[in-house]
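For reference, the structure discussed in these notes is given below.
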Amino acid sequence: MSTTTPIALTDFSRDEYGIHQVSPDSLLNYGRALLIIAGADGEVAPEEMRWLLHHQRKFGVPPEIIAQYETYDFRHADLAEVFRTVRVDHDTWQGARHLLYHALQMASADGVLHDAERAKVIEAAHQLGLTDDITHGLIALVELERSATALRQSLLGLPRPTAP
């Protein structure tokens with residue numbers, strides 16, 4: 001898929017991230033970049049793949065793009081090269097920060113950010129040029145959000161799903 005005709009994204013994308021439309025190549029490569037980070041240990045766990053598919057659907061990524069993630073060879077891909085092509089229609093978008101934030105969510109899709117996962121996310125952050133303060137701030141944010149979700153679910157008597 002190599003086209004530049006932008007794809008309109010969902011209300012979620014607009015409301016949460018200020019992104020209205022993105023090229024198919026950028027959508028595909030954003031997901032690929034997430035797979036490269038999540039698969040840095042040689043595999044993408046089923047919970048991580050479920051998180052990615054759910055995340056992409058929330059943004060309005062078309063099924064024909066999502067289908068390509070299952071067969072993508074992330075083991076031999078270069079993160080910086082893949083991510084270099086990702087562009088959105090938001091002038092102040094901080095792409096590396098967004099990618100790391102989503103990679104952290106994906107890596108902790110089973111409810112825990114394990115030490116090995118934390119290490120590979122930090123390594124990816126360095127490859128993307130993020131400073132340690134931003135990286136550790138994003139780690140803390142994802143952990144805080146997970147705790148806040150658990151608190152809300154507990155107070156409201158809601159079931160606690162383990163993954164989307």
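Residue numbers count from 1 along this sequence.
With rounding to the nearest 0.5 Å, the separation of CD in E117 from CD1 in I139 is 11.5 Å. Expressed to the nearest 0.5 Å, how far CE of M106 lies from CE of M49 amounts to 6.0 Å. With values rounded to the nearest 0.5 angstrom, I134 atom CD1 is found 11.0 Å from L141 atom CG. Note that CG of L53 and NZ of K58 are 13.0 Å apart. Values are rounded to the nearest 0.5 Å. Atom CD1 of I7 and atom CD of Q21 lie 10.0 Å apart (nearest 0.5 Å). Atom CG of L100 sits about 10.0 Å away from atom NE2 of H126, to the nearest 0.5 Å.
In terms of heavy atoms, T5 sits closest to P24 at O-CD, 3.1 Å. The minimum heavy-atom distance linking Y72 with A77 is given by the pair OH-CB, 3.1 Å. The minimum heavy-atom distance between I66 and R57, with the atom names listed, is CD1-CG, 3.7 Å. The shortest heavy-atom contact between A96 and L128 is CB-CB, 3.9 Å. When every heavy atom of V121 is checked against every heavy atom of A107, the shortest pair comes out as CG2-CB, 4.4 Å. L99 and L79 make their closest contact through CD2-CD1, 4.2 Å (heavy atoms, listed as atom of the first residue, atom of the second, distance).
Only one option out of D11, D15, T10 pairs with S13 in a side chain to side chain contact (heavy atoms under 4.5 Å, CB included); it is T10. Of the candidates F59, Y30, Y17, F83, H98 forms a ring-ring contact (aromatic ring centres under 6.0 Å, His included) with just one, namely Y17.
Looking at I36 and V82, their side chains come closer than 4.5 Å, going by heavy atoms from C-beta outward. Taking 4.5 Å as the limit, some side-chain heavy atom of L27 sits within range of a side-chain heavy atom of P62. Put simply, the side chain of W51 reaches to within 4.5 Å of the side chain of L34, judged on heavy atoms. The shortest side-chain heavy-atom distance between H136 and I122 falls under the 4.5 Å cut-off. Between L28 and Y69, the closest side-chain pair of non-hydrogen atoms falls below 4.5 Å. Looking at L155 and L151, their side chains come closer than 4.5 Å, going by heavy atoms from C-beta outward. In this structure, R87 and W93 have side chains that are not in contact, with every pair of non-hydrogen atoms separated by 4.5 Å or more.
At a threshold of 4.5 Å between side-chain heavy atoms, the hydrophobic network of Ile, Leu, Val, Met, Phe, Trp and Tyr places F12 and I65 in one connected group.
One finds no salt bridge joining K120 and E123 here, because no Lys/Arg side-chain nitrogen approaches an Asp/Glu carboxylate oxygen to under 4.0 Å.
Side chain of S147 to main chain of E143: a donor-acceptor pair is present (N/O by atom type, distance under 3.5 Å, no hydrogens or angles). When atom types are taken as modelled, the side chain of R14 and the backbone of L9 share a donor-acceptor pair closer than 3.5 angstrom.
A side-chain donor from one of T131 and D133 sits under 3.5 Å from a side-chain acceptor of the other.
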- Query: Does the side chain to side chain contact (heavy atoms under 4.5 Å, CB included) test come out yes or no for L138 and L104, once each step is laid out?
  - Reply: CA-CA 8 Å; L138 288 168; L104 285 161; 3.9 Å; yes
